[in-house]
Every structure is written in C-alpha cells, then in structure tokens.
Participant: 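Starting off with a structure, shown below.
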Amino acid sequence: MTFAADPEASARWWGELLDVPVRTDISDSGAVYAWVEIGGIEVGFHPVDDERNPRGGSPVVYWGVDDVDRVRERLLAAGCEHHRGPLTIEPGRRIAQLRDPFGTVIGIEGP
C-alpha cells in the first residue's frame, strides 16, 4: 500500500501501465481505496492521511501471517511500536501496522 492524494488516479496510471484492471472500494465517508493486482500481489493506493500516515511516508509492505494478534504481540515484544489497527478489512481478513525500531511502518495481514 502506498499513500496518494488521488488513490484512484494513481491506481489507474499503474493499471494502464501494467495493463491490469483497477479495483476500487469507497468507504461510507466517500474515501476511495483503489488497487491493482499483479501476479497475485495487490498494490494498493490509500488516501493520504496527514494525522496517521504523513505525506512523504513510504509504502507499507504487508506480510501475510497465520495469526495477526500473535505476530503483532511478538513484534511489539521485539521493539516495534503500535501504529494502527488491528482492523477487520473483511470477514477473515485483518491488518495491523507497526513501526519498527528504525521508524519504518510495516503491516501484517491475516486472520
């Protein structure tokens, strides 16, 4: 996931470049999350949010895990700090973001 002022425009640019369809999800607030899938990998474009994800922040890489809560606790114990979540994205799919000791935001995704 990366942060963009216009997520749909960003996804459309990549979709055209890579000749893949663009998918979008519009929240109740009207915010657009857009993404493309390439070789089984989702590349997402999230609205910029200066409070939670400042402009200029790097893309967030998500690691697929078997248990979001267990892995999150392990990362916190290893020196990571809470950043966001856990959030339920859809039934059976949850995410959480943590900041590693070097300031990089990483994500975990799974049940």
Participant: I need the minimum non-hydrogen distance between E42 and E37, along with the two atoms involved.
Facilitator: CA-CG, 4.2 Å

Participant: Which value, rounded to the nearest 0.5 Å, describes the distance between I95 atom CD1 and R84 atom CZ?
Facilitator: 6.0 Å

Participant: Evaluate side chain to side chain contact (heavy atoms under 4.5 Å, CB included) for T24 paired with E8, printing each intermediate quantity in order.
Facilitator: CA-CA 7 Å; T24 59; E8 190 169 6; 4.1 Å; yes

Participant: Q97 vs Y62, test: side chain to side chain contact (heavy atoms under 4.5 Å, CB included). Steps then yes/no.
Facilitator: CA-CA 8 Å; Q97 295 176 353; Y62 279 81; 2.7 Å; yes

Participant: Just list the side-chain donor-acceptor pairs under 3.5 Å for residues 68-76, sequence neighbours left out, or say none.
Facilitator:
unit_1	atom_1	unit_2	atom_2	d
D69	OD1	R94	NH1	3.4
D69	OD1	R94	NH2	3.1
D69	OD2	R94	NH1	3.2
R72	NH2	H82	ND1	3.0

Participant: Do W35 and V43 have side chains that get closer than 4.5 Å, going by heavy atoms?
Facilitator: no

Participant: Would L87 and I106 show up in the same hydrophobic cluster when neighbours are defined by side-chain heavy atoms closer than 4.5 Å?
Facilitator: no

Participant: Indicate yes or no for a side-chain donor-acceptor contact from S27 to the backbone of S29 under 3.5 Å, with no hydrogens or angles considered.
Facilitator: yes

Participant: State yes or no: do L98 and V60 share one hydrophobic cluster built from I, L, V, M, F, W and Y residues joined by side-chain heavy-atom distances below 4.5 Å, directly or via other members?
Facilitator: no

Participant: Over all heavy atoms of both residues, which pair between A34 and A11 is shortest? Give the atoms and the distance, please.
Facilitator: CB-CB, 3.5 Å

Participant: What are the two closest non-hydrogen atoms of P101 and G79, and how far apart are they?
Facilitator: CG-O, 3.8 Å

Participant: Heavy atoms only: give me the nearest P47-A31 pair and the separation to one decimal.
Facilitator: CG-CB, 4.0 Å

Participant: Can you tell me how far the CG atom of D25 sits from the NE2 atom of H46, to the nearest 0.5 Å?
Facilitator: 10.5 Å

Participant: Is V36 reachable from V32 through a run of I, L, V, M, F, W or Y residues, each pair having side-chain heavy atoms under 4.5 Å apart?
Facilitator: no

Participant: Distance from I38 atom CD1 to D19 atom CG, nearest 0.5 Å?
Facilitator: 11.0 Å

